[in-house]
Asker: 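Following this message is one structure expressed as structure tokens.
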Amino acid sequence: MSAASRRTGATSAGRRLVRVASPLAALGIWQLLTSYDVNLWLRFEQFPTVVEVASALGDRIGTEAYWQDLGHSLRRIAVGFLLAAVLGVAAGTAVARSRWAADILGPLVEVVRPIPAIALVPVAILLLPSNEQGIVFITCAAALFPVLVSTRHAVRALNPVWEEAVLTLGGSRARVLFSVVLPGALPGIFGGLSVGIGVSWICVISAEMISGEYGVGYRTWQDYTVVDYPGVFVGMATIGALGWLTSTAVETLGRRVTAWLPRPTARVPAGVPARAAGTPASIASASASVSAVRRPEKEPVP
Amino acid sequence: MSTVSPSAVSAKPSAPTAPTASAGAELALHGVRLGHPDGVAVPGPVDLRIAPGELLTVVGPSGCGKTTLLRTLAGLLPPLEGRVTQDGEPIRRPGADRALVFQHDALLPWRSVRANVELPLAIRRVPRAERRGSAEEWLERVGLGGHARKLPHQLSGGQRQRVQLARALAARPRAVLMDEPFGALDAHTRAGMQDLLVEILRGTGATVVFVTHDVDEAIHLGDRVALFATGDVLGVPHPRVRDARQAPDTAALRRRVLDSL
């Protein structure tokens, strides 16, 4: 092993240590503050301790209800988010590619977009026959706009040379769509999906709190109404873990399908989760650097 | 290229299309005014006939509308006035008959080198196995046999242009329109690419329109040289003969072309 790789190995072990130590330290401080009932303007007397929350979690994990709630929330997220992904990519592409779609959908999108998805609860109740569908509707509405807007931007930023190349090779409109537009826009689309999955979780939990019958959000709110504070924290921890899991899945998928993007290699030591290529910021910067390369060299007209 | 012998034609790799389809197209512009609908028109009507199998080079200063000419011939841009025809039929839209080779960065960056070369064959619905074999053969011909699985950004600029050549020629277009394809390459790579182009065009029978701002490149490659600024089309005394550079008639042509710029 060369000195350089030994050094990066050490760095990676060090960074891993920090990553584990940071949440442990946070838990330690939490435990101290709550077990000594500290009251320094912030009041920790009523706050459950880490140990209480952990034992509540241990109890809950053994029950069927916990897993049932988890399954309900996951299913709502999966259906709502997938719907949003399909609709958002389709609408975003249409708006970016067709003047008609831009004229018809553009104003509607801009008017509906600023409305928080959770404020659509009355609409969901009026429109949809069941609570379940309402929650999926809210989840979908939440993720739709980030996906739509980033798809629109990504499609507009495509290098026109790619499309012209495929056209002069005899490609049809459908060929251009599936061989140029969608693959070329994927880095931007995944930026939108990453944001969208986060917003989806916020809205599915809120919607469950308002109108759910099962689900992690519903259960957390129930625990609050019966003053079971450790239970509330179990709910929060569950939401955090699920959110982390699903956004990691989206990011991993995104990294995989955009593996063609030129990236600086060997900058991040192996073993450490690389500066996630799927995060919106880095996707934006990656596509920005790609589009910088893509800029047409010549103006076609004098 | 009109002097290609039949034996040279049969020496090429198994053609995925009928032999008749790979005969060169006749391209013509009749009183055409070039330009973008909402931009500035290129001055002067253009009348030009490019014979089947001919290699016509077009020289002119940067920004004089050479690219507009190619895009119009490709069918990407309708002429403001006049008619553009292929074998007498008006050109209305881009098609597989007329492949366009861009200055650079026209490969799809998410497709491997081989997948890029396979693209025109996939568009023509050539079966997968046949298309793979054909792409491999073309990559061998442009000297990139070992790079099939790489992504475009892993190649050098010259290598990428060789892949573009392979992609443009893989589906045996009847005309190839080249927009300063070697313009971004260094002088040494450029000479190698010119030799490669001559080599791989031999036997395709395709009509070629080659736009360049390099006078020596235009005189070396072309059967005829079109001077974009004046509209003159001059015959080249010794097309594609490297040793003819110092010949008096070549030197006279070179002076004439330089004077026109």
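Scope of the values below: all heavy atoms of this structure, side chains included, with no hydrogens, waters or symmetry mates. So you know, we letter chains A, B, ... as the sequences are listed, proteins then strands, and number each from 1.
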Asker: What part of B:Arg111 gets closer than 4.5 Å to chain A, counting heavy atoms only: side chain, backbone, both or neither?
Answerer: side chain
Asker: Does any heavy atom of chain B fall under 4.5 Å from the side chain of A:Val257, the backbone, both, or neither of them?
Answerer: neither
Asker: For A:Arg175 and A:Ser179, does a side-chain donor sit closer than 3.5 Å to a side-chain acceptor?
Answerer: yes
Asker: Between B:Gln161 and B:Gln164, does any side-chain donor sit less than 3.5 Å from a side-chain acceptor?
Answerer: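 Side chains of B:Gln161 and B:Gln164: pair found under 3.5 Å.
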Asker: Between the side chains of B:Glu217 and B:Thr212, does any donor sit under 3.5 Å from an acceptor?
Answerer: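 Present: a donor and an acceptor within the cut-off.
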Asker: Taking atom types as modelled, is there a side-chain donor on A:Ser194 or A:Glu251 under 3.5 Å from an acceptor on the other?
Answerer: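 Present: a donor and an acceptor within the cut-off.
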Asker: Answer with side chain, backbone, both or neither: which region of B:Leu151 has an atom nearer than 4.5 Å to a non-hydrogen atom of chain A?
Answerer: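 Just its side chain gets close to chain A.
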Asker: Heavy-atom pairs under 4.5 Å with chain A are the metric here; pick the option from B:Leu76, B:Leu107, B:Leu177 that has the most.
Answerer: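 Ranked by heavy-atom pairs under 4.5 Å with chain A, first place is B:Leu76.
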